[in-house]
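Since the structure comes first, as structure tokens, the remarks are kept for the end.
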Amino acid sequence: MHFLAGDIGGTNGHVALMRTAADGRPGGLETLVYRVYPCAAFPSLAALLQTFIAAEVRTPVSRCVLACAGQPMGDEVVNDNLAWPVRSDVLRAALGLDEVAFLNDFEALGHAIEGPLAASGRHLCGPLVRGQGPSLVVGPGTGLGAAVHVPGSPHAAVFATEAGQMDFAPHSLREREVLAWLAPDGGYVPVERIVSGPGLLTAYEALCALDGTTPTLGTPRAVTAAAAAQADPHAVEAVELFCAALGGFTGNLAMTTMPTGGIFLAGGFLSSMFDLLARSAFEERFLHGRSVRALLAQVPVWVTEHGCHGVQGAARWYVRHRAQSDAMEGVHA
């Protein structure tokens, strides 16, 4: 079976032509072509996929699976960070597909833990060896996502979340000042407002405003570069605040799942600033305090490049999903 698999985020769309392995291995997959496209360059997701099909696909395909930032609900993906509306009926009509399946992008990364993702990271803190319990994948990018992977037989279970929409919980007095700047009249502020790529820029702008200075940096990349070069004190402070908030958020999630199988911080954004993250207060904030510190100290944490893992996880999920659907149809036939 040939099919399209994609990992569609707020910034980039990762697309591949996949086929089930010729040797018939259960769950075996081959990646025939893999490409990455900037979402802002296309007026719609259909246009992005059509560009890939026209340039790379020589074998007719009728099926597609897409891991998208957001949550699938019926024929659409409900999201705050994608560049355009995403609907399966529109994609089927525009591309002549028989089936378009959706899953959450971090749910796909959770399925990728069973593949090469788990062996591709750089160790950040905690033990060097994974335990046997659940695993957690967390990633700040255009937004903030998370999913839980629970080992099981015959297959692991993966649970998507909207953890990035949880309330931002300030820890330090400076973080409370930033929160008050973001919401001067109170109210809900999601944690991804700070713990994301755009959130890092927001933190930088907030710190500049609080100190009465004019921000001179206009992108998250510029903020991290200035922080690495020690060229802008507010950039340095913004990265420190971001890393500490990420540590606290990840620790909060860890306390709900006890992921002794490890935590994987995913995405090119974190990989590019690994040295800053390693020197930050991430670990201290992750460990929290009192008795829970001893428990969280047993949880290993790695930083892994997102890359093609989302596509691979989506494809793994889809092949399993199709097999289960076919088996149910056989039962009811």
Side-chain angles (χ1 to χ4, degrees), residues 106 109 121-128 130-131 134-141 143-148 161 163-179 182 189-204 206-207 220 223-224 227-228 235-306:
F106 274 81
L109 285 175
R122 301 172 69 183
H123 183 257
L124 182 63
C125 60
L128 292 172
R130 297 177 64 194
S135 299
L136 184 64
V137 57
V138 178
L144 175 62
V148 183
T161 78
Q165 303 305 315
M166 295 165 61
D167 294 85
F168 172 60
H171 184 273
S172 67
L173 294 178
R174 188 65 155 168
E175 288 174 9
R176 293 181 186 178
E177 292 177 348
V178 169
L179 178 60
L182 290 171
V189 175
V191 65
E192 74 173 10
R193 187 79 187 278
I194 294 293
V195 184
S196 64
L200 174 61
L201 184 60
T202 296
Y204 168 74
L207 293 168
V223 174
T224 56
V236 172
E237 187 180 8
V239 168
E240 291 173 347
L241 189 153
F242 167 90
C243 293
L246 174 63
F249 168 76
T250 306
N252 284 338
L253 291 184
M255 284 188 285
T256 67
T257 58
M258 289 312 301
T260 53
I263 295 175
F264 300 91
L265 302 177
F269 176 53
L270 287 185
S271 294
S272 68
M273 56 180 288
F274 179 86
D275 291 340
L276 292 171
L277 184 63
R279 296 195 300 267
S280 75
F282 173 92
E283 182 176 10
E284 183 59 31
R285 287 282 292 274
F286 170 76
L287 293 174
H288 285 68
R290 300 171 66 94
S291 59
V292 74
R293 186 181 186 93
L295 296 174
L296 293 177
Q298 301 304 309
V299 176
V301 182
W302 289 273
V303 175
T304 181
E305 173 65 61
H306 192 145

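Minimum heavy-atom separation, Leu136 to Ala147: CD1-O, 3.3 Å. Nearest heavy atom pair, residue Gly164 against residue Val191, reads O-CG1, 3.3 Å. For the pair Phe106 and Gly139, the tightest heavy-atom approach, listed with the atom from each and the gap, is CE2-N, 3.3 Å. Residues Ala227 and Ala235 approach most closely at CB-O, 3.7 Å, considering heavy atoms. Nearest heavy-atom pair across Ser196 and Gly143 is CB-O, 3.6 Å. Pairing each heavy atom of Phe274 with each of His123, the nearest pair is CZ-O, 3.5 Å.
For the side chain to side chain donor-acceptor pair (under 3.5 Å) condition, no pair includes a residue of residues 259-278, sequence neighbours left out.
Proximity of Ile194 to Phe249: side-chain heavy atoms (C-beta onward) are nowhere separated by under 4.5 Å. Put simply, the side chain of Leu270 reaches to within 4.5 Å of the side chain of Pro140, judged on heavy atoms.
Every residue meeting the side-chain contact (heavy atoms from CB on, under 4.5 Å) condition with Ser172, not counting sequence neighbours, appears here in chain and number order: Arg174, Glu175. In terms of the ring pair (Phe, Tyr, Trp, His ring centres under 6.0 Å) criterion, residue partners of Phe269 (sequence neighbours excluded) are, by chain and number, Phe242. Contacts of Glu283 classified as side-chain contact (heavy atoms from CB on, under 4.5 Å), with partners at least two apart in sequence or in another chain: Cys125, Leu287. Not counting sequence neighbours, Glu240 has no partner by the salt bridge (charged side-chain N to carboxylate O under 4.0 Å, His left out) test. For Ala206, the side-chain contact (heavy atoms from CB on, under 4.5 Å) partners are Val178, Trp181, not counting sequence neighbours. Legend: residues meeting side-chain contact (heavy atoms from CB on, under 4.5 Å) with Ala228, ordered by chain and number and at least two apart, are Leu276. Applying the salt bridge (charged side-chain N to carboxylate O under 4.0 Å, His left out) rule to Glu305 yields no partners; only residues at least two apart in sequence or on another chain are considered. Listed by chain and number, the residues in a side-chain hydrogen bond (donor to acceptor under 3.5 Å, both in side chains) with Thr304 are Ser120 (sequence neighbours excluded). Shown here are the salt bridge (charged side-chain N to carboxylate O under 4.0 Å, His left out) partners of Arg130, two or more places apart in sequence or in another chain: there are none.
Put simply, CG on Leu246 and CG on Leu200 are 11.0 Å apart, with the number rounded to the nearest 0.5 Å. Rounding to the nearest 0.5 angstrom, the gap separating the CG atom in Asn252 from the CZ atom in Arg285 is 9.0 Å. If you take CE on Met273 and OG1 on Thr224, they are separated by 6.5 Å, rounding to the nearest 0.5 Å. Here CZ of Arg176 is found 9.0 Å from NE2 of His171. Values are rounded to the nearest 0.5 Å. Separation of atoms CG (Leu144) and OG1 (Thr161) is listed at 8.0 Å; rounding is to 0.5 Å.
Judged purely by atom type and a 3.5 angstrom limit, Thr256 uses its side chain to pair as donor or acceptor with the backbone of Leu253. Ser135 places a side-chain N or O within 3.5 Å of a backbone atom of Gly261 that can act as its donor or acceptor partner.
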Leu124 vs Phe286, side chain to side chain contact (heavy atoms under 4.5 Å, CB included): CA-CA, chis, key distance, verdict: CA-CA 11 Å; Leu124 182 63; Phe286 170 76; over 6 Å; no
Under 3.5 Å, side-chain donor or acceptor atoms of residues 291-302 against the rest of the protein: list the pairs with distances, not counting sequence neighbours.
from   : atom 1 : to     : atom 2 : distance (Å)
Arg293 : NH1    : Glu284 : OE2    : 3.2
Arg293 : NH1    : His288 : O      : 3.2
Arg293 : NH2    : Glu284 : OE1    : 3.0

